[in-house]
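Have a look at the structure below, then the notes.
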Amino acid sequence: MSHYEPLKIEEKWQAIWEKEKPFAAKDDDKRPKKFVAEMFPYPSGAGLHVGHVRNFSIVDCVARFYAQNDFNVLRPFGYDTFGLPAENYAIKTGTAPQDVTLVNIENFRKQAKRLGYAIDWSREINTSDPKYYKWTQWCFLQLFKKGLAYQAESYQWWCPVDQTVLANEQVENGHCWRCGCEVEKKKMKQWFFKITAYADELLDEIDSLDWPDKIKTMQKNWIGRSEGAEVKFKIKDSKEEITVFTTRPDTLYGATFMVLAPEHPMISKIMTEDVRKKVKQYCDDAIKKSEIERQENKEKTGVFTGAYAINPLTKKEIPIWVSDYVLMGYGTGAIMAVPAHDERDFAFAEKFDLPIVKVIEKPEDSDDDSKCYHDEGTLVNSESFNGMNSAEAREKIVEWLEKEKIGQKKVTYRMRDWLISRQRYWGCPIPIAYDKNGNPHAIPEDQLPVMLPKVDDYKPDKSGRSALAKCEDFLKVTIDGEEMTRETDTLDGYACSSWYLWRYTDPHNDKEAWGKDKVNYWAPTDVYVGADHAVAHLLYVRFWCKFFADEGYLNFREPVKKLLYNGYINAPDGKKMSKSKGNVIDPLDVINQGYGADTLRTYELFIGPYDQKANWNTSAIGGVYRFLNRCWSLAFETKYNKEDKNKVIRNRTIKKVTDYMYSNGYNTAVAAMMEFVNELYKEGANKEDVDVLARMLKPFAPHLACEMLEKLGAKDDLWPSYDESALFAEEVEVVVQVNGKLRARVNVPAEDAEDKEKLEAAAKSDEKIKQILSDHSEIKTIVIPRTHLVNIVVKQ
RNA sequence: GCCCAAGUGGCGGAAUUGGUAUACGCGGCGGACUUAAAAUCCGCUUCCCUUACCGGAUUAUGAGUUCGAGUCUCAUCUUGGGCACCA
């Protein structure tokens, strides 16, 4: 060979890895373990994207680095295959999603192998494989048995294009996360997972996670805990009561009216005959409106029900209104309005001319100049509570409410339960059947999996049911001798991905979802890498982890120790790559152009900090190729030095690169190796220089590194260690400043570097410094910090 | 509107606890090799003044703390992200 030929080298090593399977994880190893994984991909027909390559290459870098540091490493791979793209493709072309999926997986696997990832291929999983989804159904049944999977009828997000309901987490600013269309509200009976049962723990444990703050904040906001009180209000001339939620019980004396959400069930019971038509019209209109429309129009609208509630403290009658600024899904769907101290209530009161009573005195030092003061202060107009501050009054008023049995402390969450039914074919069937009375029954575990039948027509029908509703054979089932009808909805794909990390630890188990010994050995996942799903998947997987820990199937309560959230790769112009814009870079094209996988992988790690977005730069990849070419030349073309000229820089480089690997500074790790190689080009390299280089290169460019190590006759690939004593040269450069400005550099022997007197003498003896000092009469002080720096401060 | 993060050359970006700002790469310029080109190798490349030396300025802007500030404090501007009628 006369020059670096990446494609040849890569083919050679990939064949060796295929045969020898060096990345197979051992379940019975005594060494400490590391479990690293990416968020498994959806295998689209388009194949791997450069975004996948960045994501997988980070995982590979972590996994190989740990392996080289003698950890027992599990680095699996899998495919998240249920979902709409395959189904929509099936509707368009008539091809079964089962078949398309297998073709796409095959393609993904082939491409991932071309990138040389250190994957344990014996553990591949596919969520649409009945051997896998059997256990997804089992998971559902465990939740069902404990009452954490339940049915409820209410208004749900409905995507009119995809013809299915969506979870709150899948609605972004009123738009469907997948197709981008405006979502609608539809009243339906649906299945939910009771994630709110774990709201407190999900919130409280966020702080202990080694996750990016960005994600932690998003999850905290999403859960949105607020502490307050529920208060029952009697309705005038009626036996009915309405409960409101408030975080400000201290303002109860200022509650001058009440507002209900248009969906509130009490409206029809309390409204008076004269306004019945008007109220009904308002509610119907509001419910029909999209959430976008409801939010766009901040101008308050509303209608009076004709009914009055009694303020439990003032005993005054307060009018009950309906307005769409009150949301049915939060709190109780009813509020006590305190216009003097809440901006929304204030706007409503002004518009409809409702009374405003001040009950909190604004402190004198407050710079709040809005018309209604919404912070805390001293109570006024509140009878026996006057003079108390807000915090104290809150306690006392809630105490009084509890004594009178008309209220209590209450914690409310912004997060709602997780809606998991989907009216689509290509998903995991929900293992439920209904008896004649419509009561749900679990499919017995010994009848799992409930197989997803092959059908000819994948379209959901107009009634809002999946294609399974047309499948007679599928529908009929007998449980305990009773004929029942199967559920035709399928599970949200996020259910399938809520437990896959544990399946990786025991992927072929046909007796249980995972073996306890294996899962507790490998999991929790030490490093998890992804670029998406901040509040959906990453919240759901935490929820299931806590549930299965409570059930005794796991001995840990958080599934992911360290989360790396990598940035996207955009087109050179900074825009998102997309087929329609024609700006997609195909990683296989880059490899086949002659750059090879090693260059592509190293480039994507060098392009910038892993957690920032980056724009593809077609010419910058050439620089990385040149670097690897130089590494190759050092090993194969250069005559090695006999003496050890590069001891200091070699040891410094090992230290730098090792530190960067631990702090995920992959771009700077590559830069440090480049610097080292440039130096070796100047000075010539000895065998040890090249050996160290190859070992450090391995997580980035494994094929080339193996080729180099083979040439050197290395016995192992262990990560190199450095010699503390070899980090400093015989002479050190000392920077001399005058009044903080760099004026000279002087060299002193290394042993003098800590000696302040010698440093000062060396600095003063420099010709240029002498010159400057002769122009100034007086030296005020000389500062010599620990570093190699002398700062002479003179009188100006 | 509220909360958070970040602003460094022509570009992507480096810079341990406050201690040589601009590492590394791209792009650009010059040179070697070559009949020529590609590839490869070597050198220069923050800005201003200068043939060069010397010098001066510079980490969004303005102030402050310090012997010394990209890094700390305050204010302003800009960008990105999150939340947003959540009572």
Side-chain angles (χ1 to χ4, degrees), chain A residues 3-4 173 212-222 224-226 228 244-248 251 255 259 261 291 294-300 323-327 329-338 341-345 347-348 370 374 412-416 534-535 572 603 606-609 612-624 626-627 629-630 633 637 655-656 659-660 663 665 667-678 681-682 733-745 768 780-794:
Chain A
H3 59 99
Y4 175 43
N173 283 324
D213 286 337
K214 190 176 97 180
I215 310 297
K216 295 207 241 184
T217 309
M218 281 169 78
Q219 292 210 350
K220 279 184 197 169
N221 287 342
W222 186 262
R225 173 160 66 195
S226 44
V244 303
F245 172 73
T246 177
T247 54
R248 293 294 300 276
T251 63
V259 189
E291 204 69 6
R294 264 169 88 157
Q295 282 178 12
E296 258 171 10
N297 184 16
K298 299 257 173 173
E299 179 73 19
K300 296 281 180 285
S323 173
D324 63 3
Y325 83 90
V326 177
L327 310 173
Y330 186 77
T332 60
I335 61 157
M336 60 176 221
V338 185
H341 305 291
D342 181 284
E343 273 151 36
R344 296 151 300 180
D345 299 343
F348 196 83
S370 60
H374 60 261
T412 295
Y413 302 91
R414 185 185 167 281
M415 178 174 69
R416 323 282 160 83
V535 288
Y603 167 67
F606 180 63
I607 193 167
Q612 275 174 38
K613 69 170 174 10
N615 297 345
W616 187 267
N617 181 332
T618 305
S619 53
I621 191 167
V624 173
R626 278 189 279 279
F627 161 64
N629 198 358
R630 281 155 83 86
S633 295
E637 286 195 318
K655 180 172 172 20
K656 262 202 228 173
D659 290 350
Y660 284 135
S663 57
N667 56 328
T668 44
V670 174
M673 287 190 276
M674 285 174 166
E675 233 174 309
F676 182 45
V677 166
N678 290 345
Y681 256 64
K682 274 183 212 146
E733 190 181 75
V734 174
V735 171
V736 185
Q737 298 179 333
V738 177
N739 287 353
K741 282 206 168 152
L742 173 69
R743 292 299 174 192
R745 298 160 206 265
K768 214 173 122 194
K780 279 209 289 202
T781 178
I782 295 179
V783 183
I784 305 177
R786 281 206 333 278
T787 46
H788 312 305
L789 181 140
V790 175
N791 187 12
I792 302 171
V793 185
V794 298

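Just so you know, these numbers come straight off a predicted model, no measurement behind them.
One interatomic measurement links the two molecules: CZ of Arg626(A) to P of C42(B), which rounds to 12 Å at whole-angstrom precision. Rounded to an integer number of Å, the gap from NE2 of His374(A) to P of G1(B) is 14 Å. We find that OH of Tyr4(A) is positioned 23 Å from P of A38(B), with the value rounded to whole Å. Tyr603(A) places its OH atom 11 Å from the P atom of C26(B), with the value rounded to the nearest Å. Atom CG of Asp213(A) and atom P of C83(B) are 16 Å apart (whole Å). Taking atom NZ on Lys682(A) and atom C1' on C42(B), their separation rounds to 10 Å, with Å as the unit. In this structure, Tyr681(A) places its OH atom 16 Å from C1' of G25(B), rounding to the nearest Å. For the pair Tyr413(A) OH and A87(B) P, the interatomic distance rounds to 13 Å; values are reported in whole Å.
Taking the P atoms as reference points, G27(B) lies 41 Å from C4(B), given to the whole Å. For the P atom pair drawn from A32(B) and U20(B), the interatomic distance equals 39 Å after rounding to whole Å. Here the separation of G68(B) from G18(B), taken at their C1' atoms, is 8 Å to the nearest Å. A distance of about 27 Å separates the C1' atoms of G70(B) and G28(B), rounded to the whole Å. Atom P of C83(B) sits at a distance of 26 Å from the matching atom of A75(B), rounded to the whole Å. Between A57(B) and C33(B), the distance separating the two C1' atoms is 41 Å to the nearest Å. Comparing the C1' positions of G80(B) and C72(B) gives a spacing of 24 Å, expressed to the nearest Å. Remark: the separation of the C1' atoms in C48(B) and C41(B) is 34 Å, to the nearest Å.
Looking at which nucleotide of RNA chain B each of Ala671(A) and Val326(A) is closest to, the 5′-most match is held by Ala671(A). With RNA chain B read from its 5' end, the first of the two nearest nucleotides for Arg416(A) and Leu789(A) is the one closest to Leu789(A).
With sequence neighbours left out, the side-chain contact (heavy atoms from CB on, under 4.5 Å) criterion links Val535(A) to Met218(A), Gln219(A), Trp222(A). Every side-chain contact (heavy atoms from CB on, under 4.5 Å) that Thr668(A) has, sequence neighbours left out, goes to Tyr660(A). Contacts of Val326(A) classified as side-chain contact (heavy atoms from CB on, under 4.5 Å), with partners at least two apart in sequence or in another chain: Val259(A), Ala261(A), Ile335(A). Checked against side chain to side chain donor-acceptor pair (under 3.5 Å), Asn615(A) has no partners two or more places apart in sequence or in another chain. Every side chain to side chain donor-acceptor pair (under 3.5 Å) that Arg225(A) has, sequence neighbours left out, goes to Asp200(A), Asp204(A). In this structure, the side-chain contact (heavy atoms from CB on, under 4.5 Å) partners of Ile607(A), at least two apart in sequence or on a different chain, are Arg54(A), Tyr603(A), Ala614(A). Qualifying side chain to side chain donor-acceptor pair (under 3.5 Å) partners for Arg743(A), counting only residues two or more places apart in sequence or in other chains: none. With sequence neighbours left out, Phe348(A) forms a ring-ring contact (aromatic ring centres under 6.0 Å, His included) with Phe257(A), Trp321(A), Tyr325(A), Phe352(A).
In terms of phosphate contacts, Tyr325(A) brings no side-chain nitrogen or oxygen within less than 4.0 Å of OP1 or OP2 of A87(B). Contact annotation: Arg630(A) side-chain N/O to U40(B) OP1/OP2 distance is not under 4.0 Å.
Counting only heavy atoms from C-beta outward, the side chains of Val735(A) and Val790(A) never approach each other to under 4.5 Å. Side chains of Val794(A) and Asn739(A) form a contact here, defined as non-hydrogen atoms less than 4.5 Å apart. At least one side-chain heavy atom of Ser633(A) sits less than 4.5 Å from a side-chain heavy atom of Tyr681(A). Counting heavy atoms from C-beta on, the side chains of Leu789(A) and Ile784(A) never come closer than 4.5 Å. Within the 4.5 Å cutoff, no side-chain heavy atoms of Phe676(A) are placed close to those of Lys656(A).
Backbone-only engagement by Ser619(A) is indicated by non-hydrogen atom pairs under 4.0 Å involving sugar-phosphate atoms exclusively. Using a 4.0 Å heavy-atom criterion, one finds that Ser226(A) contacts the sugar-phosphate atoms exclusively. Across all strands, Asp659(A) comes closer than 4.0 Å to no nucleic acid atom at all (heavy-atom distances).
Atom CG of Asn791(A) and atom NZ of Lys741(A) lie 12.0 Å apart (nearest 0.5 Å).
In the interface, the side chain of Lys214(A) is not paired with the base of C4(B) through any donor and acceptor atom under 3.5 Å apart.
Distances were taken from every side-chain heavy atom of Glu675(A) (C-beta onward) to each of A23(B), G82(B), A87(B); the shortest belongs to A23(B). Taking only side-chain atoms of Pro785(A), from C-beta outward, the nucleotide of G25(B), G19(B), C41(B) with the closest atom is G19(B).
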Anything under 3.5 Å between a protein N or O and an N or O of nucleotides 65-67 of chain B, put it in a table, one pair a line.
residue: C67(B); atom: O2'; partner: Asn791(A); partner atom: ND2; Å: 3.3
residue: C67(B); atom: O2; partner: Asn791(A); partner atom: ND2; Å: 2.7

Under 3.5 Å, which N/O atoms of the protein pair with N/O atoms of nucleotides 12-15 of chain B?
residue: G12(B); atom: O2'; partner: Ile607(A); partner atom: O; Å: 2.9
residue: A14(B); atom: OP1; partner: Asn667(A); partner atom: ND2; Å: 3.4

Hey, what are the protein-to-nucleotides 55-60 of chain B N/O distances that come in under 3.5 Å?
residue: G56(B); atom: OP2; partner: Arg743(A); partner atom: NH1; Å: 3.3
residue: A57(B); atom: OP2; partner: Lys741(A); partner atom: NZ; Å: 3.2

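In this structure, G9(B) is classed as syn because its glycosidic torsion stays within 90° of zero.
Side chain to side chain, His788(A) and Glu733(A) fail the donor-acceptor criterion of an N or O pair below 3.5 Å.
Here the shortest heavy-atom pairing between Phe245(A) and Tyr330(A) reads CE2-OH, 4.1 Å.
Consecutive Watson-Crick or G-U pairing (both distances under 3.5 Å) extending over three or more pairs maps onto RNA chain B as B:1-7 with B:77-83, B:10-12 with B:24-26, B:27-32 with B:40-45, B:46-48 with B:55-57, B:60-64 with B:72-76.
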